[in-house]
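Taking it in order: structure first as structure tokens, then the write-up.
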Amino acid sequence: MTTLKGYWAKRSRMCGDLRREDAGSEVVLNGWVQRRRDHGGVIFIDLRDVSGLVQVVCNPEVSAAAHAAAEGVRGEYVIYCRGTVRTRPEEAVNPKLPTGEVEVIAEEVGIISQSPTPPFEIQEESGVDEALRLRYRYLDIRRPDLRQALILRSRVTGEVRDFLSSRGFLEIETPILTKSTPEGARDFVVPSRLQPGKFYALPQSPQLFKQLLMVAGLDRYYQIARCFRDEDLRADRQPEFTQIDLEMSFVEPEDVISLMDEMFSRLFLLFLEVELPTPFPRLTWREAMERYGSDRPDLRYGMEIHDYTDAFARSEFKVFRNAVENGGRVRGFKIDGLVSPPRRELDELVEEAKRLGSSGLVWMVREGEGLRSPVAKFLSREEVEALAEASGLREGEVLLLAAGGPEIGPVLAGMREYCARRFNLPCSSRFAFVWVTEFPLFDWDEEEKRYKSNHHPFTAPSPDAIDLLEERPLEVTSQSYDMVLNGVELGGGSIRIHDHAVQERVFSVLGLSREEAEDKFGFLLEALRYGPPPHGGIAYGLDRIVMLMAGRDSIRDVIAFPKTQSGSDPLTGAPDAVYPGQLRELRLRPL
RNA sequence: GGAGCCGUGGUGUAGCCAGGUUAACACGCCGGCCUGUCAAGCCGGAGAUCGCGGGUUCAAAUCCCGUCGGUUCCGCCA
């Protein structure tokens, strides 16, 4: 059979959908050639589309034309195939494929479009250099893991939309070209042609706009919002990323938190078949710092930090006693799930602690009634007993201790992570969610010698802490909450200030004069005079959510066209120079 | 801004520390054989001036310096 140039038969089914029940039916498939196996007589073609893969059999005894066409087919060619679905002979069933019980006996095959040999193999496991994959991202996305991640991402956002919309949220778009606001990350800036010398900024988040929408009386807003921050990149940070952003009127923290518990348990049940117990556990910021040394603790592991200061108050071990006498504390944790590691590994722990910025780390291993430790000789029997008692250390178990001020918290937090990874410790669960609440309203910025908002300047102080605003600002907690999953901050939010007087007091602590505040976000302040409802919300990093759900280590693996660490896109070549004429039009000149 | 790691046919690696033959292996690619494979098999073939620049040396993929790209982390990211 001769085919007309440009002719192709349109598909009747998707490759990956064919099953045993379809046996006997005539189908037309369109797809990419994953692989061709030519046995001289019969030719097998693995045909791929977005739904998956199915085997096409081109037997010259069935159709000489189809077989002849198949001989000219190469990898990544796009073809059509008309044929009949057949259950495979029992010994030829491929249990590795969802479609492995069937195959399509080709009666007609034609090439729709050709392809050069791709620069890398389109297959599951890809050790291929990421820069090359990014340059040919459209080929990279043909690989199943990337394709699946993008499918998952689409389903997650779809479900988020369904869920929020069913709860009365309205999806509203906010500007991409907007005004640079102070504090926070460095802005991406866009020059204005109509107003030379002036600039838009791309939004770091729709924060201010969503508050305006609450003042506007829309009651509940959400958006799958692109955000831009001109800061250095990381595995979990891109210059542009996507937030699930939402805001609600007439709510307290509890309302936001419980709604999000519901949304996330739904997502995980639907897409990962994981049942998450709700409500998710909660820790206040203070508890989190005390027990895990971090405001984003990984609760898949125990290794809770305890205070052992009392045990060393009068110790012969000078390093610890001095630390205690100088107002410091001795804190540490037991490495759950590790027994009698070799000396070499214990020494590695000390090195790691130093890398984390600690001046030292002491390990102790329970051996019989005593403790093996580099500092054992400085410890009295009473101290050893007190430690063994307080730590609950069992035979062979390891206790790590560090002494000093608040700076040892992050060190111990780092050591928890390191131990979990280094010793491959068992997880209590695959996904450990936790809310961290009541963050401090302010941090002290040592460089600029002033208070800064921990979250942002519109975050409401806890009602019972408002009186401390002026006297002891660092002790003021806020009505804020972060959702943390496996040690990754997924999102955070707060109840906002709706009382004008409170807002002014906060600005005053931040050292913002009325004029400065007016200049920086006067439009919001003005809006907040016109009957703002009490409101609050939260914003999530969608990329991070999907990354964790897909079991990936980088958000680049769940973004169709991500950027490299230097912010470039190897596919398009962005960023790039522009024509001099463009600069002239914008009244811009390079320095 | 700082620290670490990586860069060798189309792809992934070995070789580099201890400089010295035609730079090795696997996958892919091309050709041949082959009617049940699915990482097909067997036979044959093509394909790399070792990221780039400079230096040391009789001699550099290998040592030194610089630079570019990628990546991880610290700083930064309200």
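Order of the sequence lines sets the chain letters (A, B, ...), proteins ahead of strands, with each chain counted from 1.
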Taking NZ, NE, NH1 and NH2 as the nitrogens, is one of them in Arg552(A) or Asp145(A) under 4.0 Å from a carboxylate oxygen of the other?
-> yes

Given rC77(B), rG36(B), rC34(B), the nucleotide with the shortest approach to the side chain of Asp38(A) = rC34(B)

Any residue of residues 14-32 of chain A with a heavy atom less than 4.0 Å from an atom of RNA chain B | none

Confirm from the modelled atom types if Arg37(A) and rC34(B) form a donor-acceptor pair under 3.5 Å, side chain to base only.
-> no

side-chain hydrogen bond (donor to acceptor under 3.5 Å, both in side chains) filter on Ser453(A), not counting sequence neighbours, yields none

side-chain hydrogen bond (donor to acceptor under 3.5 Å, both in side chains) partners of Lys520(A), counting only residues at least two apart = none

Can you check whether Phe44(A) stacks with the rU37(B) base, using ring centres under 5.5 Å and planes within 30°?
-> yes

Quick one: ring-ring contact (aromatic ring centres under 6.0 Å, His included) partners of Phe507(A), sequence neighbours excluded?
-> Phe521(A)

Are the aromatic ring centres of Tyr77(A) and Trp32(A) under 6.0 angstrom apart?
-> no

Base of rG69(B) paired with side chain of Glu130(A) (donor-acceptor, under 3.5 Å) = no

side-chain N/O Thr564(A) vs rG69(B) OP1/OP2, d < 4.0 Å = no

Taking every heavy atom of Gly52(A) against every heavy atom of Cys15(A), the minimum-distance pair comes out as O-CB, 3.8 Å

How is Arg86(A) classified with respect to the nucleic acid when contacts are heavy atoms under 4.0 Å: base, sugar-phosphate, or nothing?
-> base

Heavy atoms under 4.0 Å, any strand shown: does Asn59(A) hit a base, just sugar-phosphate, or nothing?
-> base

Using the P atom on both, measure rG45(B) against rA61(B) and round to a whole Å.
-> 27 Å

Near-strand residues of residues 229-236 of chain A, defined as heavy-atom separation under 4.0 angstrom from RNA chain B = Arg229(A), Glu231(A), Asp232(A), Arg234(A), Ala235(A)

Quick tally for nucleotides 42-50 of chain B: nucleotides whose base has a protein heavy atom under 4.0 Å get B, sugar-phosphate-only ones S, the rest -, giving ---------

Please list all pairs passing the side-chain hydrogen bond (donor to acceptor under 3.5 Å, both in side chains) test where one or both residues lie in residues 42-51 of chain A, with sequence neighbours left out.
-> Gln34(A)-Arg48(A), Arg37(A)-Asp46(A), Arg48(A)-Glu76(A), Asp49(A)-Ser51(A)

For residues Asp187(A) and Gln204(A), is any side-chain donor paired with an opposing acceptor at under 3.5 Å?
-> yes

Any donor-acceptor N or O pair under 3.5 Å, side chains Ser478(A), Thr459(A) | no

Per Arg88(A) side chain, nearest of listed nucleotides rA39(B), rC38(B), rG36(B) = rC38(B)

Report the residues that fulfil side-chain hydrogen bond (donor to acceptor under 3.5 Å, both in side chains) with Thr572(A), sequence neighbours left out, ordered by chain and then residue number.
-> Asp569(A)

Does rU71(B) have OP1 or OP2 sitting under 4.0 Å from an N or O in the side chain of Ser566(A)?
-> no

Return the set of residues passing side-chain hydrogen bond (donor to acceptor under 3.5 Å, both in side chains) with Arg416(A) (not counting sequence neighbours), or none when no residue passes.
-> none

Exercise: identify the closest heavy-atom pair between Lys563(A) and Leu233(A) = O-CD2, 4.3 Å

Have a look at Arg556(A) and say if it touches a base, only the backbone sugar-phosphate, or nothing, with a 4.0 Å heavy-atom cut-off.
-> sugar-phosphate

How is Asp46(A) classified with respect to the nucleic acid when contacts are heavy atoms under 4.0 Å: base, sugar-phosphate, or nothing?
-> sugar-phosphate

With sequence neighbours excluded, tell me which residues meet salt bridge (charged side-chain N to carboxylate O under 4.0 Å, His left out) with Asp245(A).
-> Lys210(A)

Under 4.0 angstrom, heavy atoms only, what part of the nucleic acid is Glu103(A) near: base, sugar-phosphate, or nothing?
-> base

Could you run down the sub-3.5 Å N/O contacts of the protein with nucleotides 24-31 of chain B?
residue : atom : partner   : partner atom : Å
rC27(B) : O2'  : Glu121(A) : OE1          : 3.0
rC27(B) : O2'  : Glu121(A) : OE2          : 2.9
rC27(B) : O2   : Glu121(A) : OE2          : 3.4
rG28(B) : O4'  : Glu121(A) : OE2          : 3.2
rC30(B) : OP1  : Arg74(A)  : NE           : 2.9

For residues 434-445 of chain A, the salt bridge (charged side-chain N to carboxylate O under 4.0 Å, His left out) pairs (sequence neighbours left out) are Asp445(A)-Lys452(A)

Watson-Crick or G-U wobble partner for rU71(B), using a 3.5 Å limit on both distances?
-> rG4(B)

NA contact type, Leu132(A), heavy-atom cut-off 4.0 Å: base, sugar-phosphate, or nothing?
-> sugar-phosphate

Complementary nucleotide of rU62(B), counting Watson-Crick and G-U pairs under 3.5 Å = none

Do Gln55(A) and Thr99(A) have side-chain N/O donor and acceptor atoms under 3.5 Å apart?
-> no

